[in-house]
Novice: 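Can you read through this structure? Questions will come right after.
Not measured: the values here are computed from a predicted model. When a residue number appears, it is its place in the shown sequence, counting from 1. The figures that follow rest on heavy atoms only: side chains count, while hydrogens, waters and symmetry mates do not.
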Amino acid sequence: MDKIRKLSIGLLAIALCGCGSEPEKVNQKPNIIYIYTDQQNASMMTCAGNQWLKTPAMDYIANNGVRFTRAYVTNPVCTPSRVSMMTGRFPGYFNDANGQPVRENVGAMRIPDVSVDVQNATIAAYLKAAGYDLVFGGKEHLPKSLTPEALGFTDITNDERDELAMEAAKYISTPHEKPYFMVVSLINPHDICYMAIRDFAETQQEKRLLEIGETELATLDEALKLPEGVSEDEFFSKHCPPLPPNFEPQEDEPAAISWRVEQRNFQKQARDHYTEKQWRMHRWAYHRLTEVVDRQIQTILDALKTSGQEENTLVLLSSDHGEMDASHRLEHKSLLYEEAANVPFLAMWKGQIPAARVDSTHLISNGLDLLPTLCDYAGIDGKSDPRGKSLRPLFEGKEVVWREHLGVESQVGKMVVSADGLKYLRYDVVGVEENLIDLNNDPHEMTHFTTKPEYDEKLKELRSAFDQEWFPGGK
C-alpha cells in the first residue's frame, strides 16, 4: 500500500511535468482503457449495494458513467472468456487440439493457430487499422495464437498487481501522438482460489499450485487477517459478511453440478467439510481481495485525471467471470449460476456518457459486445460474431432495439437468459438436464420451474432461442 502511495506521488510529478498547465488537445478518437479484473462477480462493488466492502475506484467509474447489472460472460472460466475478449466470438467457435469445441481452460489453451479470417477480425486487428496504439499489461492466460504479443500489442509488464497499476499509470501520464487502446488485466480477486486449494491439497496438481503460488498465498493471508483490536465474537457479529441467502444447494440440483464438483478435490472437500465460519471467512477474504484490486484501479484513475485526458478517454471495467463465494456451498467458477456468470460492466467517458446511470434492462455480453463497441468508438466497422452488438447507444442513453435473449456456454452445458428475467439451462455432461429459472421470483436460484404448467410458453420460447438463435445444432 505504501509502495503504491509513494509511486503515485512520483507519477503525479511526472504527469505535471509532461502535461504542463494546459491539458492535451482532445483527439477525435478517444483513448480506450479496458480494466479487466479476474473472478469478480457483479455483486462485488459498493455501488452494487454491497455493504461489506468499499470500492471507491469502481464506484467512481459507475457514478460518472453507466453500470449494467445484466452483463454476462460467454463462458464463466478464465481462458475461454479471454479468448472471447480478443476475438468477439464464443469460445465454442474454436476447437482444441483434439478437434473438440472449447469449453474449459485446458482446451482453450490448446487452440491451434487460428484462421486468417479470425486473425483479421480480432479486437487488435480492427483497432490497429483504426490508427490505435495497442498496449497490454498483466494476466494473459491465452493460447499462443491469441496472446497479446501474437496480436501486435506492446506489453508494458507481465506483473498482474501493483506494478501493473503503476506501469499503466506511467503510460497514461506520457503524452501520446496517437490514440491508444490499453488492456489492464489485473489478477484479483482471483487469489481467493487458493483458500480451498491450500486447505484440502491432496493431488499433485494442487500441491504444485501451492509450490508456485507464494505471492498468491501471501496476498490471501493478508486478506484473511481480522481487523486489529477486534475480538472473534465481534468480528463475526459486526464485520464478517454473513452466509449468502442461497447458501444451501439448489432444490433438485442438476447432476451436472455434482459432476463438476467431483472434478476438483478441493472443491468437493470444501463443499463437504467447510464449517459455516470457514465459509464466512472465505467471503471475508474475497471482499478484501476485491478491495486490493480496487486500490490498483484507483492508481490508474488518478493518473488519468492528472494527465488531463479524462475527458478524452473511454474507461471500461469488467471481469472474465465471477466466483461462487459460498453460494450453494460452492467456491470457484465454471458454473451457470449468477454468481459465476454475471459480472460487472461499467463504462465512463466524461462529457460523452451520461453520469450515474444504472441499466438493469439490457442483456450484455462482455465477450461478444466489446469488439463491436470499441470499433464503433474507433470509427471503424468491426464485426466478428454477428450477434455481438455495439453498446455505444446504451452507453449514451439512446433508445434502441435490443436483444431479447443472450447465450452463455460453460463446461457443464449452455444457457439462454431472457430480457424478462428467466434462464433456460441445458446441462449435457450427465445426460441432458433442463432447468428453467425465474430470477424475478427466485433471484437466488434455489429452485427451478421447469415442470410448472404456467411456464410452458416461456419454456418453449427459450428452447427455441437456444436451438435456433444461440446454439443451432448444439454448437
Novice: Step through it carefully: locate the ring centre of H362, locate the ring centre of F68, and say whether they are under 6.0 Å apart.
Specialist: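 No - the distance between ring centres of H362 and F68 does not fall below the 6.0 Å cut-off.
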Novice: Quick one about E434 and T450 (side-chain donor to acceptor, distance below 3.5 Å, no hydrogens or angles considered), yes or no?
Specialist: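 Absent: no donor and acceptor within the cut-off.
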Novice: Taking only residues two or more places apart in sequence, or in another chain, which ones meet Y424 in a ring-ring contact (aromatic ring centres under 6.0 Å, His included)?
Specialist: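 Only F466 meet the ring-ring contact (aromatic ring centres under 6.0 Å, His included) criterion with Y424.
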Novice: Do Y36 and D320 get their side chains close enough for a donor-acceptor pair, meaning under 3.5 Å?
Specialist: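 On atom types as modelled, these side chains do not qualify, holding no pair under 3.5 Å.
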Novice: Per the salt bridge (Lys or Arg N to Asp or Glu O under 4.0 Å) rule, what does the pair list look like for residues 134-146, sequence neighbours excluded?
Specialist: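 Matches after skipping sequence neighbours: D38-K139.
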Novice: Kindly write out the residues that satisfy ring-ring contact (aromatic ring centres under 6.0 Å, His included) with H287, not counting sequence neighbours, or none if the list is empty.
Specialist: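 Once residues adjacent in sequence are excluded, H287 has no partner under the ring-ring contact (aromatic ring centres under 6.0 Å, His included) criterion.
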Novice: Tell me every residue that passes side-chain contact (heavy atoms from CB on, under 4.5 Å) with A62, counting only those two or more places apart in sequence or in another chain.
Specialist: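 Listed in chain order: C47, R67, L346.
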Novice: Test: ring-ring contact (aromatic ring centres under 6.0 Å, His included). Region: residues 368-389. Which pairs qualify, not counting sequence neighbours?
Specialist: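 For residues 368-389: W349-Y377.
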Novice: Of all residues at least two apart in sequence or in a different chain, which pass the side-chain contact (heavy atoms from CB on, under 4.5 Å) check with T37?
Specialist: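 Per chain and number, T37 pairs via side-chain contact (heavy atoms from CB on, under 4.5 Å) with Q40, V293, I297, S319.
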Novice: Compare all side-chain heavy atoms of F94 with those of T87 and state whether any distance is below 4.5 angstrom.
Specialist: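 In contact.
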Novice: Cut-off 3.5 Å, side chains only: do D438 and N440 have a donor facing an acceptor?
Specialist: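 Looking only at side-chain atoms, N440 and D438 do form a donor-acceptor pair, the distance falling under 3.5 Å.
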Novice: Partners of Y72 by ring-ring contact (aromatic ring centres under 6.0 Å, His included), sequence neighbours excluded?
Specialist: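 Here no residue qualifies.
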Novice: Going by the side chain to side chain donor-acceptor pair (under 3.5 Å) test, which pairs reach into residues 104-132, not counting sequence neighbours?
Specialist: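 Qualifying pairs: T79-N105.
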Novice: Can you tell me how far the CG atom of L127 sits from the CD1 atom of I32, to the nearest 0.5 Å?
Specialist: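 L127 atom CG to I32 atom CD1 measures 5.5 Å (nearest 0.5 Å).
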Novice: Could you tell me whether the side chains of Q298 and D294 share a donor-acceptor contact shorter than 3.5 Å?
Specialist: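 No, D294 and Q298 have no side-chain donor paired with an acceptor closer than 3.5 Å.
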Novice: Hey, are N75 and S81 close enough side-chain-wise for a donor-acceptor pair under 3.5 Å?
Specialist: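 Note: S81 and N75 side chains miss the donor-acceptor criterion.
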Novice: Do K389 and W402 meet the cation-pi criteria used here (NZ or CZ under 6.0 Å from the six-membered ring centre, within 45° of the axis)?
Specialist: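 Yes, a cation-pi geometry holds between K389 and W402.
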Novice: Checking K423 now: which residues fulfil side-chain contact (heavy atoms from CB on, under 4.5 Å) with it, not counting sequence neighbours?
Specialist: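 Checked K423 against side-chain contact (heavy atoms from CB on, under 4.5 Å); matches are E338, M415, V417, L425, I437, L439, E445.
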Novice: Test: salt bridge (Lys or Arg N to Asp or Glu O under 4.0 Å). Region: residues 375-388. Which pairs qualify, not counting sequence neighbours?
Specialist: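 Salt bridge (Lys or Arg N to Asp or Glu O under 4.0 Å) check on residues 375-388 returns D376-R392, D385-R387.
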Novice: Would you say T157 and D159 are linked by a side-chain donor-acceptor pair, where the criterion is simply a distance under 3.5 Å?
Specialist: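 Not at all, the side chains of D159 and T157 share no donor-acceptor pair under 3.5 Å.
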Novice: More than 12 foreign heavy atoms under 6.0 Å from CD of E454: is that the case here?
Specialist: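 For E454, atom CD is crowded (more than 12 foreign heavy atoms under 6.0 Å).
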Novice: Checking R70 side chain against A419 main chain: does a donor-acceptor pair fall under 3.5 Å?
Specialist: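 Present.
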Novice: Does K54 NZ have over 12 foreign heavy atoms under 6.0 Å away?
Specialist: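 Open: at most 12 neighbouring heavy atoms sit under 6.0 Å from NZ of K54.
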Novice: Please enumerate all residues that pass side-chain contact (heavy atoms from CB on, under 4.5 Å) together with V412, with sequence neighbours excluded.
Specialist: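 Once residues adjacent in sequence are excluded, the partners of V412 under the side-chain contact (heavy atoms from CB on, under 4.5 Å) criterion are A256, W259, R260, L335, S410, Y427, V429.
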Novice: Working to the nearest 0.5 Å, report the span between CG of D191 and CG of L220.
Specialist: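 If we round to the nearest 0.5 Å, D191:CG and L220:CG are 7.0 Å apart.
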Novice: Tell me every residue that passes salt bridge (charged side-chain N to carboxylate O under 4.0 Å, His left out) with E433, counting only those two or more places apart in sequence or in another chain.
Specialist: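 E433 satisfies salt bridge (charged side-chain N to carboxylate O under 4.0 Å, His left out) with no other residue.
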Novice: If we ignore angles and hydrogens, is there a donor and acceptor under 3.5 Å between the side chains of T55 and D59?
Specialist: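 Yes - a donor-acceptor pair under 3.5 Å links their side chains.
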